[in-house]
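Below is one structure, written out as structure tokens, with a few remarks after it.
In the text below, chain A, chain B and the rest are named by the order of the sequence lines, each starting its count at 1.
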Number of protein chains: 2
Amino acid sequence: MKEKLNANAQAVLDMVRAANNHPTASEVYDAVKVVRSHIGLASVYRILHSLVEQKYIKELRHSDDTCRYDGHISRHDHAICTECGALLDVPVDIPLTQEMLEQAARATGIELSSHELRLYGRCPACSQKQKQLLQV
Amino acid sequence: MKEKLNANAQAVLDMVRAANNHPTASEVYDAVKVVRSHIGLASVYRILHSLVEQKYIKELRHSDDTCRYDGHISRHDHAICTECGALLDVPVDIPLTQEMLEQAARATGIELSSHELRLYGRCPACSQKQKQLLQV
DNA sequence: AATAAAAGTGAGAATGATTATCATTATTAG
DNA sequence: CTAATAATGATAATCATTCTCACTTTTATT
């Protein structure tokens, strides 16, 4: 796969972009099959990888040992639920100074190209469940 | 496993603490076998999970679909090589203000309990390799 | 110590996400 | 049109992790 996306790849990309959660390969497969019924799971994996390589989408990996995909390629941060593992986009920008980042990068010796802040805590849904449990 | 660590668990904990990289379960298994030759892989997994639960160690998950373990439980940040996947500790503290974190947490609705900054870029080793390639 | 309940163990089977294989089918180039 | 090339999808293979279960060790109680 070079540059132009074929019908399968376009369908996969559309699906990942349309999803507001971060779908797994299997979820993408199920959704794309509705539109392109012949597509195979192996092709979905192949296409997802090539879309990542071409920077159309990003790969996220988290605790439930499945890869998830993100159609929002602009740099942004994530909140991760320590209870259920949900991975939420942080919709605001956290203004870290270039200085801070560079100082940290220098300390490790890496050539900094990007960064991501991860916030850990209970997500609203799990927070709610917890409260209900305490009331019983 | 309740509170006191038995000999197997202590050996696993010692190994994870002694390691300066972030060992996988399999690496822990190999290292611990030297000292406790009859320990099984299943036990290593079981012990690692309980050590995480008891907050003796932390679990890190990254791109090479293996869990890694970290004996340094105090909050710290990581640098991740985009080339080889190496996961390095950031040895300095990056002073994010409580305000910034709370604002972001509010925007997602989570009850913030911790955070982690991830820096992405080429690690020193991969950087070096790249330079040598260009010189040839 | 004697004994019973509880906890921990390890070998191997099972699981499940991801990759590799490979013959077949589109697509492109000449 | 035909040859070369890329993409496809069914299926098998891989590999980290988890499960199962009979067995051993530890603990608590007399």
Problem set entry | Lys/Arg-Asp/Glu bridge criterion (N-O < 4.0 Å) met for A:Arg61, A:Glu59 | yes
Problem set entry | Check ion pair B:Arg118-B:Glu116 (N to O, under 4.0 angstrom) |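 Salt bridge flag = yes for B:Glu116 with B:Arg118.
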Between [N] ([atom2]) and [X] ([atom1]): distance, integer Å:
X	N	atom1	atom2	result
A:Leu41	C:dT18	CG	P	9 Å
A:Leu60	C:dT18	CG	C1'	17 Å
A:Glu53	D:dA7	CD	P	12 Å
A:Arg61	C:dA17	CZ	C1'	9 Å
B:Ile39	D:dT24	CD1	P	18 Å
A:His49	D:dA7	NE2	P	16 Å
A:His38	C:dT25	NE2	P	13 Å
A:Leu48	D:dG9	CG	C1'	15 Å

For this session: Mark yes when over 12 heavy atoms from residues, nucleotides or ligands other than B:Glu102 sit less than 6.0 Å from its CD; otherwise mark no.
Result: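 Yes, because the 6.0 Å sphere around CD of B:Glu102 holds more than 12 heavy atoms from other groups.
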For [N], does either OP1 or OP2 sit under 4.0 Å from a side-chain N or O belonging to [X]?
X	N	result
A:Tyr45	C:dT19	no
A:Asn8	D:dT8	yes
B:Asn6	C:dT9	yes

Exercise. If you measure from CG on A:Leu87 to CZ on A:Arg68, what distance do you get to the nearest 0.5 Å?
Worked result: 7.5 Å
Exercise. Hey, does B:Thr66 reach any base, or is it just sugar-phosphate, or nothing, if we go heavy atoms under 4.0 Å?
Worked result: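 Touches sugar-phosphate only.
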For this session: Measure from the side chain of A:Ala25, starting at C-beta and using heavy atoms only, and say which of C:dT9, C:dT18, D:dG9 lies closest.
Result: C:dT18
